[in-house]
Student: 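The structure that follows is given in the form of structure tokens.
Residue numbering restarts at 1 for every chain, and letters A, B, ... go by the order of the sequence lines.
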Protein chains: 2
Amino acid sequence: MKRPFISLWCIAFVAIFLPIAHADDKDVIDYRQHIMNTLGEQAAALGEILSTVVPDDNAVAHINAIALTASTALKAFEPKVPGGQAKPTVWSNWPDFSKRMNELAQRTAEAAKVAKEKGKDAALSNILDQLTCKSCHDVYRQEKKDSDQ
Amino acid sequence: MKRPFISLWCIAFVAIFLPIAHADDKDVIDYRQHIMNTLGEQAAALGEILSTVVPDDNAVAHINAIALTASTALKAFEPKVPGGQAKPTVWSNWPDFSKRMNELAQRTAEAAKVAKEKGKDAALSNILDQLTCKSCHDVYRQEKKDSDQ
């Protein structure tokens, strides 16, 4: 006779806590998207400088911002919350994903160091080799859906 | 009798150089939007930390990224190219606009200094006072149009 009572508790539990869990998931996804969008925006700004369509006054700042943001990215993917543009392989291939993300952070930090010590021209000369965005996106990022807008 | 000849030259000139001028304008607008979008993404990430929905591990990095990006923003608005979300008042009120943008850079640099010297809790305690985004957007930013997507 207790089964209906337990079931009601289960339903109440799900009704109360599931929306909270969903809100948390959205926060986690939003957070990592803010970080990855920052990398995208700064890489695009740097791309405009590299293609000489805008002046290069801010080049070092962009490289520093990319290095800084790359250093924050892995932490944002640590919660195993699939969704947004992240493919589930981010977590099923975590050793490879985290290795690539750490390499991005290290390489861009090195570029920022070169910019500081040798100037922007030296840093810009091989920055494209340090920005491994596409090779990683090809494996771990899915196309944006309308619901991600 | 030379008028038609001159007119043809004028048309040819416009046909050849106008698309280039437009492309340049788009580059200028895109560039400043990359910078302002970066500020928006990093402020949103910081907002999630402030509302405690994500951990604060990256708080100092976000403050540094905002300070760094704020320091690049004014340069991106120097070319007088209305368009995107920038209202024409950016340039007609340039002394006020540039003063506000410089203040944002100074205030966020100060927050980054506090974070470095006194830690993230001290920096986070009054970061909202330093981020004057809305008061400036209310005056100088127009709503996003579909063509800006």
Side-chain angles (χ1 to χ4, degrees), chain A residues 20-79 81 105 108-109 112 115 120 144 146 149, chain B residues 20-79 81 105 108-109 112 115 120 144 146 149:
Chain A
I20 296 174
H22 271 285
D24 287 351
D25 286 357
K26 186 178 181 309
D27 291 332
V28 168
I29 294 166
D30 283 350
Y31 182 66
R32 68 185 182 225
Q33 286 187 334
H34 292 315
I35 290 176
M36 300 311 287
N37 288 345
T38 299
L39 284 175
E41 297 288 353
Q42 288 295 303
L46 201 56
E48 287 200 79
I49 288 174
L50 286 167
S51 59
T52 71
V53 296
V54 296
D56 65 359
D57 306 79
N58 292 328
V60 174
H62 293 313
I63 293 171
N64 285 336
I66 289 171
L68 193 55
T69 308
S71 76
T72 69
L74 189 59
K75 178 64 71 178
F77 283 90
E78 281 180 1
V81 179
T108 52
K120 62 186 168 190
K144 197 176 263 190
D146 287 343
Q149 300 291 324
Chain B
I20 295 174
H22 271 284
D24 287 352
D25 286 357
K26 187 179 182 306
D27 291 333
V28 168
I29 294 166
D30 284 350
Y31 182 66
R32 68 186 183 227
Q33 287 187 335
H34 291 315
I35 290 176
M36 300 311 285
N37 288 345
T38 298
L39 284 175
E41 298 287 354
Q42 288 295 301
L46 201 56
E48 288 199 78
I49 288 174
L50 288 167
S51 58
T52 71
V53 296
V54 297
D56 65 358
D57 307 78
N58 292 329
V60 174
H62 292 313
I63 293 170
N64 285 336
I66 289 171
L68 193 56
T69 308
S71 76
T72 68
L74 189 59
K75 177 64 70 179
F77 283 90
E78 281 180 3
V81 180
T108 52
K120 60 186 168 191
K144 197 176 263 189
D146 288 343
Q149 300 290 323

Student: Can you list every side chain to side chain donor-acceptor pair (under 3.5 Å) pair that touches residues 45-56 of chain B, not counting sequence neighbours?
Tutor: B:Asp56-B:Lys120
Student: Which atoms of B:Asp57 come close to chain A, meaning under 4.5 Å heavy atom to heavy atom: side chain ones, backbone ones, both, or neither?
Tutor: side chain
Student: Can you tell which of A:Asn37, A:Ile49, A:Thr72 has the highest number of heavy-atom pairs within less than 4.5 Å of chain B?
Tutor: A:Thr72
Student: Work out which heavy atom in A:Val28 is nearest to a heavy atom in A:Pro79; give both atom names and the distance.
Tutor: CG1-CB, 3.9 Å
Student: Applying side chain to side chain contact (heavy atoms under 4.5 Å, CB included), name anything that partners A:Leu39, two or more places apart in sequence or on another chain.
Tutor: A:Met36, A:Ile66, A:Thr69, A:Ala70, A:Leu104
Student: Looking at A:Asp30, A:Thr38, A:Asn64, A:Ile35, which makes the most heavy-atom pairs under 4.5 Å with chain B?
Tutor: A:Thr38
Student: If I measure from the heavy atoms of chain A, does B:Val53 come under 4.5 Å with its side chain, its backbone, both, or neither?
Tutor: both
Student: What heavy-atom pair brings B:Ala67 and B:Ala112 nearest, and what distance separates the two atoms?
Tutor: CB-CB, 4.1 Å
